[in-house]
Every structure is written in C-alpha cells, then in structure tokens.
Amino acid sequence: ALMAMLVTVSGGLFMLAGIVLIGIEAGTLDIGSLLDNPTLITASSRVNLIAILLIVGAATKSAQFPFHFWLPNAMAAPAPVSAFLHSTTMVKAGIFLLARMSSIFSETQVWQLLLIHIGGFTMVYGALMAIMNTDMKKVLAYTTISALGIMVLLLGIGTTVSVQAAMVFLLAHALYKRTLFLVTGNVDHETGSRDLDLLSGLGKKMPFTFYSAALA
C-alpha cells in the first residue's frame with residue numbers, strides 16, 4: 001500500500017508541475033479550450049518539458065516501465081480489491097490522461113517518441129514476465145502491465161484508428177481482467193493455491209468458475 005501510494009503520488013507531483021506550466025503558458029486550464037486551440041501549448045518553448053512531465057505522471061499511474069514495480073506488489077490485496085485496482089481504478093487514470101491530451105500533443109515529437117518507446121518496451125517486458133511466473137495473480141498483474149503498454153503504444157502512434165483501438169481495448173481489458181482476478185480468487189479460496197504448476201483439472205470441479213474464465 002505504501003509503495004503504491006509513494007510511486008503514484010510522486011508521479012502525480014510531476015503531473016501537477018506539468019499542469020501548472022500549462023496554466024502559465026496557455027493562460028487557461030480549461031481542457032475544452034486547450035483541445036479547441038492546441039497551439040496555446042504547442043507554440044510554447046516549454047512544450048517538450050510539459051509533455052515529459054505529463055508522461056512521467058501518467059507512467060507512474062499506469063505502471064509503465066520503469067515505474068511498473070508497484071503493480072505486481074499490489075496483488076497482496078484480496079481478490080475483489082485486486083480486480084478493481086488492476087482493471088479500472090488507478091491503472092487507467094494515466095491512460096485516460098494520455099488519451100485526453102493526445103490530440104493536443106499529437107504533433108509533438110517528444111510525446112510520440114516517448115509513448116511509443118515506453119509503451120512498446122513495457123508491452124514486451126510485461127508479457128515476458130507473465131510467461132516466467134506461475135502465481136496466477138502475478139501472471140495477471142504482469143499481463144496488466146503489458147496491456148497498459150499496448151494502450152500507451154497505440155496512443156503514441158496517434159492515428160485515429162490507433163486511438164480508437166486503444167479505447168476499445170481499454171474497455172475490453174477492464175471487463176476481462178476484472179473477471180480473471182475474481183476467478184483467481186475463487187480458485188485460491190477453494191484449492192488454497194494459486195500455483196499454476198500445481199493446479200489442473202478444475203473445470204469439472206468448479207464449472208461456473210471455469211465458464212467465467214473461458215468467457216473472460
């Protein structure tokens with residue numbers, strides 16, 4: 001809990017600094033006005049600094065490398081809390097910020113390059129770590145990191161289709177990841193283990209959990 005708080009709040013301070021600079025440079029903090037007239041920010045000499053500060057804040061919230069480490073440790077929470085935390089709250093806050101600001105910074109090279117590289121690396125790293133683990137919750141935690149990396153990568157690409165894909169995936173991920181965490185909670189409760197090396201043949205003994213997992 002302390003780790004999650006310290007990492008995300010620290011990143012929030014970077015985000016706050018970026019927001020303050022937006023207010024100074026653009027003369028407004030109204031998101032509608034900024035979206036209608038992106039040049040209020042992009043014409044500023046501090047546009048790259050603002051972009052970096054916002055990305056650091058979003059990266060900590062959405063567990064992007066190298067700030068990803070807090071998310072697997074958050075799996076210590078009970079299954080319903082893990083389901084809520086890993087699928088919707090917190091981890092999607094950074095993605096939401098990047099999505100809202102993407103049309104403003106779409107022509108800013110630093111924004112695009114950082115999101116593509118951070119998202120792409122996080123996507124691959126999270127997938128590899130998921131394959132290497134046997135704890136069901138850790139596997140789901142690292143696949144969450146990988147999925148968030150995919151969303152960041154898509155937002156970094158910045159085309160209409162890629163942004164639409166990121167938003168569809170955001171919703172799909174929230175639905176399937178929440179379900180899989182609750183499935184893991186059921187398995188852990190009934191068997192006393194989350195180790196994939198020790199678990200097999202549960203479909204016949206836990207049919208409703210099996211169908212929920214298959215649907216997810």
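Only heavy atoms go into these numbers, but all of them, side chains included; no hydrogens, no water, no symmetry mates.
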Within the 4.5 Å heavy-atom criterion, are [X] and [Y] side-chain neighbours or not?
X	Y	value
Leu29	Ile19	yes
Ile95	His173	no
His117	Leu153	no
Met136	Asp188	no
Ile50	Ile41	yes
Ile145	Met129	no
Thr209	Leu202	no
Thr42	Glu107	no

### Message
Applying side-chain contact (heavy atoms from CB on, under 4.5 Å), can you list everything that pairs with Ala216, at least two apart in sequence or on another chain?
### Response
Tyr176, Thr179, Leu180

Tell me whether [X] contacts the main-chain N or O of [Y] through its side chain, where contact means a donor paired with an acceptor under 3.5 Å.
X	Y	result
Ser162	Leu154	yes
His189	Gly185	no
Glu25	Leu40	no
Asp135	Lys137	yes
Ser146	Thr143	no
Lys61	Thr8	yes
Thr60	Gly57	yes

### Message
If you count every heavy atom of other residues, nucleotides or ligands that lies below 6.0 Å from Phe69 atom CZ, does the total exceed 12?
### Response
yes

### Query
Is it the case that more than 12 heavy atoms not belonging to Phe210 sit under 6.0 Å from its CZ atom?
no

Looking at [X] and [Y], what are the two nearest heavy atoms and their distance?
X	Y	answer
Ala130	Val139	O-CG2, 3.7 Å
Pro72	Ala141	CA-CB, 3.8 Å
Leu34	Ala26	CD2-CB, 3.7 Å
Ser103	Leu35	OG-CD2, 3.1 Å
Ile157	Gln112	O-NE2, 4.0 Å

Rounded to the nearest 0.5 Å, what separates atom [atom1] in [X] from atom [atom2] in [Y]?
X	Y	atom1	atom2	result
Leu114	Thr108	CG	OG1	11.0 Å
Leu115	Leu155	CG	CG	7.0 Å
Leu2	Trp70	CG	CH2	13.5 Å
Ile24	Arg46	CD1	CZ	6.0 Å
Ser193	Leu198	OG	CG	5.0 Å
Thr184	Arg194	OG1	CZ	8.0 Å

Does [X] share a hydrophobic cluster with [Y], counting links as ILVMFWY side-chain heavy atoms below 4.5 Å and allowing steps through other members?
X	Y	value
Val124	Tyr142	yes
Leu128	Phe121	yes
Val183	Leu140	no
Phe96	Val91	no
Trp111	Leu53	yes

### Query
Do the rings of Phe65 and His68 sit parallel, tilted or perpendicular, given the 30° and 60° boundaries?
parallel

Distance-only donor-acceptor check, side chains [X] and [Y], under 3.5 Å:
X	Y	value
Thr39	Asn37	yes
Thr191	Lys205	no
Lys92	Ser62	no

### Leu49: which of Leu21, Leu54, Val110 passes side-chain contact (heavy atoms from CB on, under 4.5 Å)
Leu21

